[in-house]
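What follows is a short report on a single structure.
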Amino acid sequence: VRAFADDEPALFRPLQWQLRNEGCSGVDTKWLLESVRMIEVEPVKIGLVDQGLHIGEPRIAQQLWTNPGETAGNGVDDDGNGLIDDVHGWYFASHSPVLAQKDDAYNHGTYCASIMMGTSARGPDRFWGIAPNSVVVPAACLAWDDEKGTAIGSIETTFEGIRYVVERGAKVVNLSLGGPATRMDLLLQELHPIWEFVREKDVLLVVAAGNEDQNIDETPVTPACLDLPNMIVVMAVDPSGGPARAYEGPERGWRPFSNYGRNAVDIAAPGAMIIGIPAIGQTSYSDGTSFAAPMVTAVAAALWAEHPDWDAATVRRAILETAQPVEGLEDKCRTGGMLDIQAAFRFER
């Protein structure tokens with residue numbers, strides 16, 4: 001992650017190639033062609049099961065979900081859900097309503113949320129989100145590990161987080177997380193009652209494919225390789241349209257990182273050099289399928305708001321059946337293409 005200096009006169013919107021890719025025509029999400037719709041639509045609630053969220057970041061504070069049944073700071077479980085002061089969500093990894101570490105600490109969940117909702121359209125530190133009116137219900141299931149340089153958690157805290165956001169009305173849940181799994185692990189996890197609960201609530205899950213540059217048809221990861229009908233698995237592409245690469249300096253150069261899989265992965269979305277908010281007062285760019293998945297999540301939530309009579313299966317079809325073919329992705333994911341917002345909104349079931 002590369003943080004921009006506070007006084008740097010950066011205009012971030014032109015750097016958002018996923019909205020309009022001037023370097024490689026046609027390799028973007030077609031957001032610009034539907035920008036008025038995406039800016040004005042009020043998407044269905046989005047569940048973000050991740051590391052947490054900096055609720056004190058003013059550029060995204062207005063879009064955060066607020067629990068109408070809870071009074072902030074009174075130390076009482078006002079809504080009777082067993083969680084005290086879960087005003088904006090709950091941290092299942094630490095059993096606390098505090099959703100982030102100190103203000104200047106990197107937070108993966110804040111980054112993902114900012115990709116979906118963006119910031120105000122004005123000012124040098126502002127940029128567009130895919131669906132600026134997104135309302136995010138956060139549940140933290142991961143905790144940052146300084147030694148490992150990554151966020152870690154457990155399957156159980158993830159399941160608890162999913163249940164929490166769905167119970168609070170989320171219709172689309174973003175899961176930019178995962179880890180290695182055996183075939184037996186997957187079979188056992190698929191038996192967990194959380195998935196039946198999610199299906200009964202007609203919720204769509206959007207999952208990141210992972211960043212190991214491996215074929216997950218052969219080397220599975222969870223939850224991306226779970227066999228769930230209401231799930232979209234997302235790989236990342238870079239501005240060239242190919243499987244995403246990250247720059248690791250002059251000695252190592254460009255390294256491919258996105259996982260892929262003709263059977264396990266459904267679609268691609270931009271995931272390299274993506275602008276986001278890592279901590280309060282900071283703006284950065286970073287790489288990962290973690291940042292491709294929120295783009296699909298935000299589009300799904302906006303699309304569902306436009307068609308409230310649709311179900312999760314129809315929203316999923318609208319996104320996958322309208323993917324724009326991209327050369328080089330034919331054997332990397334089921335659709336062989338990437339997210340096309342304009343085509344998704346023109347989908348007729």
Side-chain angles (χ1 to χ4, degrees), residues 1-2 12-34 111-112 115 128 130 174 176 178 206-221 224-225 231-276 284-300 319-344:
V1 175
R2 186 258 194 185
F12 297 132
R13 290 193 299 276
L15 301 180
Q16 293 184 274
W17 66 269
Q18 69 270 25
L19 309 183
R20 182 183 180 186
N21 189 347
E22 297 184 2
C24 189
S25 180
V27 182
D28 56 43
T29 63
K30 309 288 180 65
W31 183 90
L32 193 65
L33 300 177
E34 292 291 337
Y111 212 105
C112 291
I115 290 168
W128 287 112
I130 294 294
N174 190 86
S176 288
V206 181
V207 181
N211 304 318
E212 293 75 37
D213 183 32
Q214 64 189 17
N215 184 344
I216 59 175
D217 289 346
E218 300 172 357
T219 308
V221 296
C225 291
M231 187 167 79
I232 297 176
V233 179
V234 187
M235 66 177 290
V237 290
D238 61 28
S240 73
R245 298 162 294 167
Y247 185 66
E248 296 189 342
E251 293 185 2
R252 299 188 64 181
W254 292 90
R255 176 187 65 85
F257 67 82
S258 180
N259 286 351
Y260 52 92
R262 183 66 181 82
N263 296 312
V265 178
D266 294 301
I267 196 170
M273 297 180 288
I274 303 300
I275 298 292
S284 305
Y285 66 78
S286 192
D287 312 291
T289 61
S290 283
F291 310 134
M295 298 191 191
V296 176
T297 297
V299 172
I319 290 173
L320 298 186
E321 293 181 16
T322 60
Q324 52 182 314
V326 176
E327 185 177 355
L329 294 184
E330 299 92 340
D331 61 345
K332 302 297 184 183
C333 60
R334 296 185 197 216
T335 60
M338 66 180 289
L339 176 68
D340 186 325
I341 296 174
Q342 183 180 57

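In this chain, numbering begins with 1 at the start of the sequence shown.
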Exercise. Do R262 and N215 touch side chain to side chain, with heavy atoms closer than 4.5 Å?
Worked result: no

Worksheet item: Given side chains that start at C-beta, do those of Y111 and S284 come closer than 4.5 Å, heavy atoms only?
Response: yes

Atom of [X], atom of [Y] and distance for their closest heavy-atom approach:
| X | Y | answer |
| --- | --- | --- |
| S290 | S176 | O-OG, 2.8 Å |
| V27 | G241 | CG1-CA, 3.3 Å |
| Y260 | V265 | C-CG2, 3.6 Å |

To the closest 0.5 Å, what do you measure between [atom1] ([X]) and [atom2] ([Y])?
| X | Y | atom1 | atom2 | answer |
| --- | --- | --- | --- | --- |
| Q18 | M338 | CD | CE | 9.0 Å |
| I115 | S286 | CD1 | OG | 8.5 Å |
| M235 | C333 | CE | SG | 6.0 Å |
| T322 | L339 | OG1 | CG | 7.5 Å |
| E248 | D287 | CD | CG | 9.0 Å |

The side chain to side chain contact (heavy atoms under 4.5 Å, CB included) partner of I267 among V237, L329, L320, V233 is L320

Paired with V206, the side chain to side chain contact (heavy atoms under 4.5 Å, CB included) test is passed by just one of V299, D266, T297, namely T297

Can a salt bridge be assigned to the pair D238 and R245 using a cut-off of 4.0 Å between side-chain N and carboxylate O? yes

Here the ring-ring contact (aromatic ring centres under 6.0 Å, His included) pairs for residues 231-250, sequence neighbours left out, are Y247-W254

**Study point:** Worked verdict on N211 versus T289 for side chain to side chain donor-acceptor pair (under 3.5 Å)
**Key:** CA-CA 6 Å; N211 304 318; T289 61; 3.1 Å; yes

By side-chain contact (heavy atoms from CB on, under 4.5 Å), A264 pairs with (sequence neighbours left out) I216, D217, C225

- Query: Taking the side chain from Q214 and the backbone from E212, do they hold a donor-acceptor pair closer than 3.5 Å?
  - Reply: no

(Q) Counting neighbours of CZ on R20 that are heavy atoms of other residues, nucleotides or ligands and sit closer than 6.0 Å, is the number greater than 12? (A) no

